[in-house]
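Right, one structure below, let's go through it.
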Amino acid sequence: MRTQSDTTQDQSIVVAPKMPWRIRTVKPLTGYRLLVSFQDGCSGIVDMSALIRSSHAGVFSALEDVNLFNQVFIEYGAVTWPGELDLAPDAMHDEIKRHGEWVLG
């Protein structure tokens, strides 16, 4: 005998992988630096000062506006700013795990 499906309940499941390099917290610091921590407990500094002030900053030159830089947030496990600016969390994790900081420039 067949049973009927109950379609009145939403049974969708959200899958969010817990990759070790996913960002857990981010805090803006002075000097265009960030304090980040990852899902695996690793944490350290991202220093963007040289990149932001360089002539090859590209889209990241917008972050020279400290008010914009300080609007940093986490989206899908990545460090992100308004305007669809983000940083690769896997590369960030690798450098911070090795050196305690990631210096961009």
Side-chain angles (χ1 to χ4, degrees):
M1 180 174 222
R2 295 181 101 179
T3 60
Q4 280 188 309
S5 299
D6 181 5
T7 58
T8 60
Q9 291 182 354
D10 180 7
Q11 296 181 358
S12 61
I13 298 172
V14 176
V15 177
K18 292 188 177 183
M19 303 303 290
W21 45 259
R22 288 179 65 88
I23 302 293
R24 185 176 55 193
T25 64
V26 61
K27 178 182 176 185
L29 304 173
T30 60
Y32 301 110
R33 296 174 306 130
L34 302 168
L35 176 60
V36 297
S37 68
F38 299 89
Q39 289 292 337
D40 68 354
C42 178
S43 64
I45 301 291
V46 176
D47 185 346
M48 299 182 67
S49 59
L51 173 63
I52 290 171
R53 293 182 177 133
S54 76
S55 60
H56 62 275
V59 297
F60 292 104
S61 64
L63 297 178
E64 193 167 9
D65 175 353
V66 174
N67 292 324
L68 179 60
F69 184 83
N70 289 338
Q71 291 179 42
V72 66
F73 62 97
I74 300 167
E75 185 170 58
Y76 302 115
V79 170
T80 308
W81 290 269
E84 299 183 17
L85 298 172
D86 61 22
L87 296 174
D90 52 341
M92 182 187 307
H93 182 269
D94 290 348
E95 283 299 303
I96 288 175
K97 192 159 189 141
R98 266 181 275 190
H99 305 290
E101 71 177 330
W102 189 29
V103 179
L104 300 168

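For the single chain, residues carry numbers from 1 onward in sequence order.
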* When rounded to the nearest 0.5 angstrom, what distance separates CG in Leu104 from OH in Tyr32? -> 14.5 Å
* **Distance in Å, Asp86 CG paired with Ile74 CD1, rounded so as to fall on 0.5 Å steps** => 12.5 Å
* Taking the side chain as every heavy atom from C-beta outward, state whether Ile96 and Phe38 have any pair of such atoms under 4.5 Å apart. => yes
* To do: To the nearest 0.5 Å, tell me how far Leu34 CG sits from Glu101 CD.
  => 12.0 Å
* Using the test side chain to side chain donor-acceptor pair (under 3.5 Å), find all partners of Asp40 that sit at least two apart in sequence or belong to another chain. => His93
* Asked: Which pair of heavy atoms, one from Phe69 and one from Trp81, lies closest together, and at what distance?
  -> O-NE1, 2.8 Å
* To the nearest 0.5 Å, how far apart are CG in Leu63 and CD in Gln71? -> 10.0 Å
* Asked: Applying the 4.5 Å side-chain criterion to the ILVMFWY set and letting contacts propagate, would Leu68 and Val79 be lumped into a single cluster?
  -> yes
* To do: To the nearest 0.5 angstrom, please state how far the CD1 atom of Ile23 sits from the CG atom of Leu87.
  => 8.5 Å
Please tabulate, for side-chain N and O atoms in residues 43-52, each donor-acceptor pair with protein atoms closer than 3.5 Å (sequence neighbours left out).
residue	atom	partner	partner atom	Å
Asp47	OD1	Ser49	N	3.0
Asp47	OD1	Ser49	OG	2.6

* Asked: Would you say Tyr76 and Val72 are hydrophobically clustered, going by side-chain heavy atoms of ILVMFWY under 4.5 Å?
  -> no
* Linking I/L/V/M/F/W/Y whenever their side-chain heavy atoms sit closer than 4.5 Å, directly or via other members, would Trp102 and Leu29 fall into one cluster? -> no
